[in-house]
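Naming convention: chains lettered A, B, ... in sequence-line order (proteins, then strands); numbering from 1 in each chain.
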There are 2 protein chains.
Amino acid sequence: MHSQNLINVITDALPSLNKSETKVAQVILSDPDAATQSSIATLAKKAQVSEPSVNRFCKRFNAAGFPDFKLKLAKSLASGIRFVNRNVDPDDDVTSYTPKIIDSTINTLAMVRDKISHARVNQVVDKLIQAKRIYFFGLGASGSVARDAENKFFRFNLPVSSHDDVLMQRMLASTGGTGDVFFVISHTGRTKEVVEVAEIARGNGSTVIGLTAVDSPLADMCTVTLDVDVPENTDEYMPMASRIVHLVILDVLATGVTLRRGPDFLPHLEKIKNSLKPTRYRNEN
Amino acid sequence: MHSQNLINVITDALPSLNKSETKVAQVILSDPDAATQSSIATLAKKAQVSEPSVNRFCKRFNAAGFPDFKLKLAKSLASGIRFVNRNVDPDDDVTSYTPKIIDSTINTLAMVRDKISHARVNQVVDKLIQAKRIYFFGLGASGSVARDAENKFFRFNLPVSSHDDVLMQRMLASTGGTGDVFFVISHTGRTKEVVEVAEIARGNGSTVIGLTAVDSPLADMCTVTLDVDVPENTDEYMPMASRIVHLVILDVLATGVTLRRGPDFLPHLEKIKNSLKPTRYRNEN
DNA sequence: TAATTTACGTAAGTTTACTACATATATAAG
DNA sequence: CTTATATATGTAGTAAACTTACGTAAATTA
């Protein structure tokens with residue numbers, strides 16, 4: 001199993017902690033890297049609690065003791081994931097908002113990595129393998145995700161198309177049937193048009209796959225749903241990470257399909273790759 | 001250079017170590033994970049040396065002492081493992097290829113975060129702020145990136161469009177002039193058509209921004225380039241992380257523009273957000 | 001072979017972390 | 001509202017771990 005990032009675990013547990021534990025958590029989260037280098041005494045002093053409180057805190061998070069906790073914390077920090085404690089401020093400059101945005105995306109991806117259901121991924125790959133035809137549907141920001149998916153999946157040598165036009169989507173959904181897979185992408189899963197389209201497709205016996213939010217109306221309508229629980233962007237400055245997550249999940253699915261197709265399929269992919277060579281300037285490296 | 005993996009550093013230094021240091025190194029290298037969890041006493045015993053020898057060994061590798069050394073070792077272990085098996089194997093199953101792909105994307109983003117030039121980002125934001133019109137150009141996978149960019153930047157209340165049609169791109173480039181910004185996206189930066197389009201636009205006095213590879217023909221042609229040095233995908237199974245990187249950089253740019261516009265601009269963004277509400281099913285949360 | 005440097009270990013000292021216990025605070029019951 | 005009980009937090013002592021100082025042994029050089 002994948003070990004969940006300690007920093008996220010602490011953040012999630014924050015509301016359930018008692019007074020002194022909260023103090024310790026805050027000190028650690030405010031500068032996790034410093035925490036890995038300080039002794040139990042310094043940390044206790046910073047958090048204004050006693051040393052045993054720090055020790056108990058560590059044990060609460062399944063560490064053998066303080067040193068073991070520091071070790072685990074260091075490991076979490078090393079995986080390229082940094083804790084983003086602040087959203088972009090109006091007075092941030094390039095040097096601060098750039099890493100903030102990238103870190104926030106990284107964080108979201110790490111969360112998805114730890115929470116995504118492998119069983120579901122497998123189910124979706126199953127459906128995609130069996131598909132005679134795949135339609136990728138998305139509106140707005142999800143429109144470009146759908147388009148990217150088309151660009152990935154046409155390589156599998158089966159009819160694939162993407163659509164961001166609601167009327168087109170309705171028409172295609174109503175003419176679909178067994179063997180057709182409608183892959184519906186939506187961040188909220190609450191856009192009426194999209195949900196209706198899914199319903200129509202479902203009614204005709206098509207397979208409907210949803211890449212959308214948990215417990216959304218769209219999710220309820222699908223044959224299989226890959227639910228992504230990306231925190232809503234409340235902050236005006238914060239860009240939606242869900243597109244990125246969706247794209248990466250589509251990468252995962254494409255990889256799954258490729259692997260299922262087996263090694264005999266690789267020459268086909270190679271052929272597509274090579275087809276682009278004549279369009280490029282030679283690389284001198 | 002970036003901080004090298006401690007295990008590699010030790011391996012490299014192996015020939016230059018003296019007797020007891022070699023013993024210590026061998027014990028650590030044989031099971032680095034165990035080393036991070038053992039005390040200086042146990043490690044000394046295993047290596048058949050005295051405790052101070054272990055301590056000196058740690059200091060030789062720029063650690064403050066044994067605990068600090070363990071910390072550094074743990075860090076390189078955490079990031080190292082992920083780097084080592086980051087490629088998808090033909091016999092991987094869902095539980096292994098899913099985290100691999102996500103981790104690989106995370107690693108790429110972390111690299112970009114550390115290497116991206118803030119000065120360049122600032123320059124590009126400058127150009128975008130001054131633009132009277134923005135065209136996003138991209139082909140293939142970059143086509144959907146361009147489309148996503150359009151979806152982000154139209155919010156700034158200025159004429160924005162995206163194009164993935166080479167002929168259309170040529171025509172627009174040839175009619176452009178001062179005040180027009182052509183934002184050209186290309187993973188390789190070597191696609192002839194794209195480079196030519198950039199050249200045409202440049203010739204007419206337009207600003208050409210490139211989101212592309214370092215030292216590529218396209219990069220040479222641009223007014224400002226945001227070079228992204230994403231490792232080429234040699235592995236058939238590995239999806240291109242560059243799209244993701246491009247999208248995130250566009251997020252950064254959009255944020256930069258938003259911040260420059262100042263707080264007076266926020267109501268406008270809010271208005272766009274609210275415009276979607278009637279299209280959605282209510283969220284009961 | 002002697003001088004000098006480098007390597008290594010012993011033992012003492014110092015820091016660090018843990019445990020057991022006591023007190024305080026909060027919660028529930030009467 | 002008081003008492004009982006559980007929970008939370010701190011104090012002090014102890015054990016373990018780590019570091020330093022110093023001395024001896026080995027290796028290197030003159």
Side-chain angles (χ1 to χ4, degrees), chain A residues 6 9-77, chain B residues 6 9-77:
Chain A
L6 224 196
V9 173
I10 296 174
T11 312
D12 290 349
L14 216 50
S16 68
L17 298 178
N18 51 40
K19 238 181 286 178
S20 55
E21 283 173 335
T22 309
K23 284 192 216 164
V24 176
Q26 280 168 348
V27 171
I28 292 172
L29 292 177
S30 75
D31 192 350
D33 203 66
T36 61
Q37 289 177 336
S38 51
S39 71
I40 194 165
T42 18
L43 196 70
K45 204 174 174 186
K46 261 192 195 165
Q48 313 235 56
V49 297
S50 67
E51 298 186 20
S53 287
V54 176
N55 190 273
R56 281 188 284 261
F57 176 90
C58 298
K59 288 186 174 166
R60 189 182 231 281
F61 289 100
N62 301 316
F66 184 69
D68 184 47
F69 178 86
K70 283 199 289 188
L71 226 65
K72 285 182 170 148
L73 190 63
K75 279 184 185 170
S76 309
L77 287 174
Chain B
L6 188 54
V9 174
I10 297 174
T11 312
D12 290 351
L14 217 50
S16 70
L17 298 178
N18 51 40
K19 238 183 286 178
S20 55
E21 283 173 335
T22 309
K23 284 192 217 164
V24 175
Q26 281 169 348
V27 172
I28 291 172
L29 292 176
S30 74
D31 191 351
D33 202 66
T36 61
Q37 289 176 335
S38 51
S39 72
I40 194 166
T42 24
L43 197 70
K45 204 172 173 186
K46 261 190 195 167
Q48 312 238 54
V49 296
S50 68
E51 297 186 20
S53 287
V54 176
N55 190 271
R56 281 188 283 262
F57 176 89
C58 298
K59 287 186 174 168
R60 176 151 296 210
F61 291 98
N62 301 315
F66 184 68
D68 185 47
F69 177 85
K70 282 198 290 187
L71 225 65
K72 285 183 170 146
L73 190 63
K75 277 185 187 171
S76 13
L77 229 57

Smallest heavy-atom separation, A/Pro15 atom then A/Asp12 atom, equals CD-O, 3.2 Å

Of the listed C/dC18, D/dA17, D/dT19, the closest approach to the A/Ile40 side chain comes from C/dC18

Do A/Leu14 and A/Leu17 pass the side chain to side chain contact (heavy atoms under 4.5 Å, CB included) test, and can you show the C-alpha distance, the side-chain angles, and the key distance before you say yes or no?
CA-CA 5 Å; A/Leu14 216 50; A/Leu17 298 178; 4.0 Å; yes

Separation of C/dC8 atom C1' from B/Leu17 atom CG, nearest Å, is 15 Å

Practice prompt. For the residue pair B/Phe57 and B/Phe61, categorise the inter-ring angle as parallel (less than 30°), tilted (30 to 60°) or perpendicular (more than 60°).
Written response: tilted

Apply the test side chain to side chain contact (heavy atoms under 4.5 Å, CB included) to residues B/Ser20 and B/Asn18: give CA-CA distance (whole Å), side-chain angles for both, the deciding distance (0.1 Å), then the verdict.
CA-CA 6 Å; B/Ser20 55; B/Asn18 51 40; 3.9 Å; yes

Discussion item. Less than 4.0 angstrom between a side-chain N/O of B/Lys59 and OP1 or OP2 of D/dT20, yes or no?
Written reply: yes

With 3.5 Å as the limit, what N/O pairs link the protein to nucleotides 7-14 of chain D?
unit_1	atom_1	unit_2	atom_2	d
D/dT9	OP1	A/Lys19	N	3.3
D/dT9	OP1	A/Ser20	N	3.0
D/dT9	OP2	A/Asn18	OD1	2.6
D/dT9	OP2	A/Asn18	ND2	3.2
D/dT9	OP2	A/Ser20	OG	2.7
D/dT9	O5'	A/Ser20	OG	3.1
D/dG10	OP2	A/Ser50	N	3.1
D/dG10	OP2	A/Ser50	OG	3.3
D/dG10	OP2	A/Ser53	OG	3.0
D/dG10	N7	A/Arg56	NH2	3.1

B/Thr36 and B/Lys70 have their tightest heavy-atom pair at O-CD, 3.3 Å

Rounded to whole Å, the CZ-P distance (A/Phe66 to C/dA17) equals 5 Å

- Can you check whether B/Asn55 has a side-chain N or O nearer than 4.0 Å to OP1 or OP2 of D/dC18? no

Query raised in the report: Is a side-chain N or O of A/Lys72 found less than 3.5 angstrom from the main chain of A/Pro67, in a donor-acceptor match?
Result: no

